[in-house]
Structure formats: C-alpha cells, structure tokens
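No experiment lies behind these values; they were computed from the predicted model shown.
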Amino acid sequence: MRTTRSVPARPALIAALALATAGSLLLTPGAAGADPKPVTREGPAVDDRAAQAPASATRRALTEDVPTGTTTRAYPRRLVLSPDPENPGDKSLKPGLTPYHSIAPKLNALQRLGDRVSVEVTGRSAGGHRLYLVTVTAPETTRQARAQERMRELIRDAPAAAAKSREIERAYKTPVFVNGNIHGNEWEGTDASLKTIERLATAKDAKTGDLLAHSRLYFNVTANPDGRIAGTRANANGFDLNRDFVTASQPETRAMRQIELGTQPAVMLDLHGYVNGTLIEPTTPPHGENYEYDLFLKNTYANALGMESAVNALGYTPAKDGVEAAQIPFRDQEEGWDDWPPIFTPQYAAFHGTVAAHTVEIPLAVNNEEYDELPVPELRRRSAINTAVAGAAIDATLAHVREHRGTLITDQIEVFRRGATGAAQVPVSAETVPGVPGIGPEDVYTTRFPRAYVIPADDARAQRSGPAAARLVDHLIANDVRVTRATRPFRLAGRTYPQGSYVVDMHQPKRGMANVLLADGRDISGKVSVMYDISGWSLGRLWGATVERVPSGSLRGAPLRAIGEAAPVARVPAHGDLRLRLTDPREIAALNSLLRQGVAVRRADDGSVVVPASARRAARTAARDHDVAFTATRQTGTAALHRLRVAAAVTPGELFALREMDFDVTPVSTAVLNAGFDWSGTDVLFVSAGLEHADLTVPARGALDAFLDGHGLVGRGATGAALNAAAGRLAVKPVEGNADANGVVKVTNTGGITRGAPDHGFVYAPLWFTDPGPGVRVEQSYGTGNPLVSGHWRPLPGGTGGPAAAGGQASVVSGDHTVLFGTEPLFRDHPKGEFPQVARALFTVAHSASVKESG
C-alpha cells in the first residue's frame, strides 16, 4: 500500500468517492457536506436501459466522415458559422449555461476579437450537430504552419533526430488539447473553455504572449452536443462517448481521435463532473501496462499539483459553498479510479504521445435528480462554481505548459523513441519518477511487447484476407498504427506466412497503441477488488480475424510493403450460384441487403447462404458496398430466408450493432408495450434490457404472450433469461455471476448458432445456464477451469459467482425457437467477431417459428 500521503488513505472505492455527490440534494451551502451518498461507478454497473435511438442517428454514425485536414493553412483560420435555430428546450439553459445554439454566434464573435482565434468544424454528431474545434495561438504564416507540421511529424517519425533538433527546441509550439462536455449533462467544461478562449483572445500581458508564441491550444468546445441539448450523458445513439475509444463507433469519438492524431498533444484535459472535492487525475492502480507510465506519471502528477493548488485557491469551502478540497486519486485513494482500459479520453491520448493527461471532475452536481429537484438559483450557483473550477484547472495547465514546455516535448519524443527502437519500458519507482510520493509495487505495470503481430491471409491461394481481417487492419491504421503487407511468402520465427498477410512491426512509435488493441490483456482479478469500468477488450480475440503474436525474430529482409488501407475483399465469381459465409457482421449486412431487395436466398447446411446466379448483379453491389466475398457453390440450399422485422428491448450498443448489420429493428420497452404495441409487423423479439414481464399491464402481457406463442425469442443476460422463464419457454436455470465482472473469456462452440464464431467471447455481468430440460441444446460453453483470459472477475463474498463456477457451463443455449445468451456478443458495438451469433440466432428462431406456425 502507499507509504507517502498528504491525507489519510481511503481503502476502497465507496470511501474514495463518498464525497462525489455531497450536498447534491441540499439547498444551503453550509449543509452541503452532510450525509454523502456512496458512489461506486459513473452510471450503473449493468446497462439495463432499453435503447430508443432513431434509425437516422445510426445512419449518421455509420456514414459520417471526419475531415482529414490535409491542407496546411496559416493561422488564424477564419470560418463564419451559420447560426443554429434557437432552441428553448436546450437543457443547458436551466443551470444558466451556454445553450448549443449560442455557441456558433459566440465563436464568430471570438474570431472577430483579433488574430489569435481560429474555428474549424471537425464533423457532425450522431444527432447531426456540428462539432467545433477552436485553436488559440499566435498568428502563423503558411510557411510557419508547414514548419510546425514538419516538426510534429519529425517528433513522431524520427524521434532520435527530433531529440537533437535545435529547431524543435527553439520553435516548436507545444500542443495542448482541452476536451469539454464529452458527457452531455456535465456542461461546464464548455463554458469554462469559452471564457478561457475569450480571455486569451485579447490578453495583453507578457505571459499570455509567451504562451501563445510557444503553444497551440486546441479546444473541443462541446464533444457531445446531442447530450448537451438533451441533458443526457450519452449522444443521440445512447453511447457514452468516454467508453468508445477502442471501437470508435460514433462520429464524435472519431472526431476526437482525428484531433489527437492531427495535433499530437503533449498535454490534455478532459473536463467532467461531478465529484466533490474536485477529482484530478493521475489515477489509482491498476495502471495501463502499455503506457510509458514513468513519463506519464511524472508529468501528469506535476500538472495535477498545479491544478489542485489553483482550484483550492479559489477559496471555496465546505461550510460556505459546499465545496470540498481537491483530491488526486493517485495520492489520496487506494483503488477504484484506474487508468487501465484505453476507453477513456485521457488514457487513449497517452498512446498518441500525450505525457500529461487528466480527467478533471468538477465538484457540484447539477444533473440527473439535482437538475429536476433543485431550485434554479441553486443550480446556477453550483454551475457558476463549477465553471470557475474548470477554468482554474485550464489556467493552471496553461501555466504549467508555459513553464515546462521543454520537458513536455522531450518526454513526448522519448515515448516515440522507445517505441521505434523497441526499448524496454521503465518501471515506476521513487528513483525513476522522483518527486511523486507514495509509489509502491502496486503501481508497477509493464508488459513485454512482441516483435510483431501477423494477421495471415485467410486464403493463401487467392492471397486475400476476409472482411474481419480487413476491418481490423483499417481500424489499426485509423488509430495511427503502422501496418505492412507481404508482397510474397515469407518466414518469421520459424513459420511461413502466405503472400498478402499483414504484419504489424512492433518497433514503431505507437507500439503501445498497437499492443493495447491486439494483445490478449491480463487477468487482474487478484490485483484490486473493484474496477471502474471494463478490464478486457482485445481486438485480437474479439474481432474475428486471426491474429498471431510473434514474440521474437527478425523482420530484416522481409518482403513487406507499408499500406494505407487494407486490400479490398469484395469479389463475386463470374459463373454459377454463389455462397456467402455468415461469420462476420459485414456478411450479415450483405445478406440483409439482398433480402431487402427480395433476392431468393436459401440457407446451406454449413451455416452459409446460397444466392442464385440470377442475382449476380445484386450480389456484386452487396460485395462492393459491404466489402465481402462470394464464392462459387454447387449447394442448392435448404429453407428460404426472408427479411426479418425485429422488435428489440436492448441496450444502445446492441441496437446500434443490430442496425449496423442492417436488421430492420423497432425499439421496444415495458413502457412501449404498455402504451399498446402492434405485433403484427414483427417476426422475432430480442430482449436484454428494459422489458420486465411483471411490470406489463394485463393487455400488454397478453399481447406479448400471444406473440411469443408461435414466434421467436432471443434473450441476453438476466433480463432475457427472466422473460424466458416468465413466458415458459426454454427449460434451463440461469445462474448470475458477479455483476461487476467483465472481460475476455475462452469459450467452446458446439452448435449451429455459434458455428464459425471465435473461441473467445466477452462478458459483463456474466450468466450461465444449468439443469437443461428436454430439447435444450448447448450452443456454447465457457472454457473449463478458469475461462477468464483478461479482465476482472472475482467470486462473490460467499464464494459463488466466480469464473471457476462458470467454467464448463453453458453460455449460449437454444431450443423451441428460443436462444439465450449469457455472454455479451454485441457489447457497446465492440466484439465484432461475436455479432454473427446474434444474427444466426435471430434467423434461426424466426424461421423455425414460421415453419412451425405454417405447419
């Protein structure tokens, strides 16, 4: 445990965050520190909200392109923004903050204040709102801007040379990224940013002049305009954007990613709320094992001290204002606020060279029940305090950048140098990170990077890979990971790989980014008692492509060519009937597009589908649109398939994944069914969240039961299993594991639903099934022994609910046109290789039900 502290240790997460909502329901400042409510997470451990996002938001998210900004231009960059219609329903108005419709006029006015402020549109949100990036810096000619770009690339691509560059030491502008309002109902980061921009635009003091002459300050003014307007944490698709960086499913996340790639910030702030006192990272253990954590901790802790001092210097007190002193989790807490997964904005930034990155949680809650229950004057008092606190954090960070820019850039260069040369990580200790108190063995997390990863060509004869490999390669490239492709067969570490295979050389500047995405990860169940969010996420195990870790060997002389995108997969044979595999979500989407056109598709015995030669033109379009491959076949197929109409009481991530596979989905919930739902247009029901049989009215329950008597049901998790039991469908006993458990698990696939699925799955609040009755088939089981590969899964206090109890038990079962999942095959739109299991389940139960009905 930590040995050096400035305040007493708080041993667990509940204690550590006990002040998170202090005073949240109290009206008088003097009483605001009383009766704190314990908080264990931001949001519930299990997402049981039924998704309601419109299909238009999904379409925008799947098609929205982020401007690449390839043309170097001078600063300032003038952009006159057209105004948005005034919206009196904007939720930010009540606490006295800036509504979204006022931001464009405000940015226009700020640009007119001088030559320091530039505005760009980085894309649109899922709800269709513009995303604004504001840059504040001293003016630059086009030539000077090109020089900055050249130096930035030198730092990343040739760090050894950059470390010796006098030009970089003298002239490079330190990039700083301030991200505001990523959680839509944590508003004040936007307002603090606007106030800071306004001050910097006109300040005449020498310190400001020096700062802007030697820095570029980038403000993502509102990262989540949908949530800002609606007063919701999530965007219009129901996604928590601060959990989306591994997958980057949402346009807002991709815009933030592009900002980080294009600016390469050395320092970043992500402004959140609400934890009282103000929480300023660095975090508690476990620490991400793929970071250069010694450099990250050194700089992040130093900047945190400055922010803490600035926030406390505002003079707010518990007695007078209901505001507690600021806290730094690394120093003040034992566990529960970790930086292990790369899903959070600051942790993701570390993989792109950010050496000081912080979540800052401002103190006084003004959202959720406080928003509804507190008087407007109290909400506005709190939001004014919060805006001042966020502003103090920004100002302190800018002061730190001005004073320490040389160290910040030197350490960023060192991050990239270690990656490019394959240097060993440096474990943190009192010697390697002097000045940071309380470093102990619990803070030491490092990994052994492999020499390379290989994604072999799926079809050696055709020298091609399938859609899963292509998607993974394109995703790696989008995250600035360098990928090469073999121009002929080659040997590496004693194995021959075919031409067309992809190779990720781990001697590259962003090796941490490559490894955090592709590696298995680690079982950290024994390290800490609780985790803040997910603990396992491996794309190598969950995205459906074959990914081979090559621990050692030489790539010297290997026939590898750098690529900017994966080779196209799409192909259709010139003659004969066509076969389409259904082992990837793109193949499911292609199938659904054909069914939408009325193509006579039939199921094949091997789990694929057969498309008649007469539909070759439609198949070519589907192959091109979804980048999938058809092969020639002599199979005739069995039963004909038809396009499904799915009613879905599911989480936002699941709804998004279903639409990504082009299913025709209608969101439902207990409330929707109670209001009267017409089941006549539905083929199958998918339930995982927000639908409780016992809470239905008598008419709604009767209508649901009548639908289920003859139609298919797919259930996931405890909610799906409960509906199955209430409806008397599948005779199994669901067993709930530890609800806080999550991670990557080994599975064994034994049924048609899981044919061709990866041998790993994802769990979050895992479930398994015992005591199968007649007609119940086990489609998939958890691996025997301890199935957890990476993540955090402990038994409950009584010894039940752990991974050993789940080992060998059924994770997916089927029968009587019903399928139940105990895993999370669509979790947050992430485990792409598992998506087809759900698609197969929907097709199987819907068509078996229709056959039974017609018989």
Q) Is there side-chain contact between Leu62 and Arg659, with heavy atoms separated by less than 4.5 Å? A) no
Q. Taking side chain as C-beta onward, heavy atoms only, is Val415 less than 4.5 Å from Pro159?
A. no
Q | Qualifying residue, where the test is side-chain contact (heavy atoms from CB on, under 4.5 Å) with Asn235 and the options are Leu241, Thr253, Asp240 | A | Leu241
Q) Judged by atom type as modelled, is there a donor-acceptor pair below 3.5 Å linking the side chain of Asn592 to the main-chain atoms of Met661? A) yes
Q. Would Leu517 and Val246 count as a side chain to side chain contact (heavy atoms under 4.5 Å, CB included) if you check the C-alpha gap in whole Å, the side-chain angles of each, and the deciding distance to 0.1 Å?
A. CA-CA 7 Å; Leu517 295 178; Val246 168; 4.2 Å; yes
Q | Check ion pair Arg243-Asp829 (N to O, under 4.0 angstrom) | A | no
**Q.** Side chain Asn224, main chain Ile182, donor-acceptor under 3.5 Å
**A.** yes
Q: Tell me, please, which residues at least two apart from Ala567 pass side chain to side chain contact (heavy atoms under 4.5 Å, CB included).
A: Arg485, Tyr502
Q | Rounded distance (nearest 0.5 Å) linking atom CG of Asn242 with atom CE of Met256 | A | 7.5 Å
Q) Counting distance only, does the side-chain N/O of Thr135 pair as donor-acceptor with the main-chain N or O of Ser118 below 3.5 Å? A) no
Q. Testing Val609, Leu578, Val610, Leu580 for side-chain contact (heavy atoms from CB on, under 4.5 Å) with Val601, which one passes?
A. Val609
Q | CG on Leu842 to CD on Gln837, rounded to 0.5 Å | A | 12.0 Å
Q) Any side-chain heavy atom of Tyr132 sitting closer than 4.5 Å to one from Val121? A) yes
Q. Roughly how far apart are Asn515 CG and Gln508 CD, rounded to 0.5 Å?
A. 10.0 Å
(Q) What's the separation between atom OG1 in Thr583 and atom CD1 in Ile588, rounded to the nearest 0.5 Å? (A) 8.0 Å
(Q) If you compare all heavy atoms of Ala566 against all heavy atoms of Asp474, which two are closest, and at what distance to 0.1 Å? (A) N-OD1, 2.7 Å
Q) Mind checking whether Phe762 and His830 have parallel, tilted or perpendicular rings, split at 30° and 60°? A) perpendicular
Q) Looking at side-chain heavy atoms only, is the closest gap between Pro836 and Leu582 below 4.5 Å? A) no
Q) Looking at CZ of Arg541 and CD of Glu834, how far apart are the two atoms once the value is rounded to the nearest 0.5 Å? A) 13.0 Å
(Q) Around atom CD of Gln597, are there more than 12 heavy atoms from other residues, nucleotides or ligands closer than 6.0 Å? (A) yes
Q. So, Asp244 and Arg828, do they make that salt bridge, N to O below 4.0 Å?
A. no
Q. Counting distance only, does the side-chain N/O of Arg254 pair as donor-acceptor with the main-chain N or O of Ala248 below 3.5 Å?
A. yes
Q: Output yes when a side-chain donor or acceptor of Arg581 lies under 3.5 Å from a complementary backbone atom of Val628, and no otherwise.
A: no
Q | Within 45° cone and under 6.0 Å: Arg73 NZ/CZ vs Tyr75 ring | A | no
Q) Is there side-chain contact between Val550 and Pro450, with at least one heavy-atom pair below 4.5 Å? A) no
Q: Check the pair His760 / Asp520 against side chain to side chain contact (heavy atoms under 4.5 Å, CB included), numbers first and verdict last.
A: CA-CA 10 Å; His760 289 75; Asp520 286 354; 5.8 Å; no
(Q) For the CG atom of Asn479 and the CZ atom of Arg257, what is their distance to the nearest 0.5 Å? (A) 5.0 Å
(Q) Enumerate the salt bridge (charged side-chain N to carboxylate O under 4.0 Å, His left out) contacts for residues 173-182, please, sequence neighbours excluded, ordered by first and then second residue. (A) Glu140-Lys173
Q. Is the centre of the Phe351 ring less than 6.0 Å from the centre of the Tyr291 ring?
A. yes
(Q) Is the ring pair Trp537/Trp340 parallel, tilted or perpendicular, if the boundaries are 30 and 60 degrees? (A) perpendicular
Q.
Within the 4.5 Å heavy-atom criterion, are Leu261 and Lys510 side-chain neighbours or not?
A. yes
**Q.** Gln425 side chain vs Thr447 backbone, donor-acceptor pair below 3.5 Å
**A.** yes
Q.
Using only atom types and a distance under 3.5 Å, with no angle test, would you say the side chain of Arg471 pairs donor to acceptor with the backbone of Trp543?
A. yes
Q) Does the Thr484 side chain pair with the main chain of Val503, one donor and one acceptor, at a distance under 3.5 Å? A) yes
**Q.** salt bridge (charged side-chain N to carboxylate O under 4.0 Å, His left out) partners of residues 545-562, not counting sequence neighbours, each pair once
**A.** Arg495-Glu548
**Q.** Residue of the set Gln144, Glu149, Arg143 for which side chain to side chain donor-acceptor pair (under 3.5 Å) holds with Thr72
**A.** Glu149
**Q.** N/O donor-acceptor pair under 3.5 Å between Gln412 side chain and Pro265 backbone
**A.** yes
**Q.** N/O donor-acceptor pair under 3.5 Å between Asp339 side chain and Gly288 backbone
**A.** yes
**Q.** Lys/Arg-Asp/Glu bridge criterion (N-O < 4.0 Å) met for Arg417, Glu292
**A.** no
Q | Heavy-atom side-chain proximity of Ile477 to Ile563 below 4.5 angstrom | A | yes
Q.
Quick check: do Tyr172 and Ile155 have side-chain heavy atoms less than 4.5 Å from each other?
A. yes
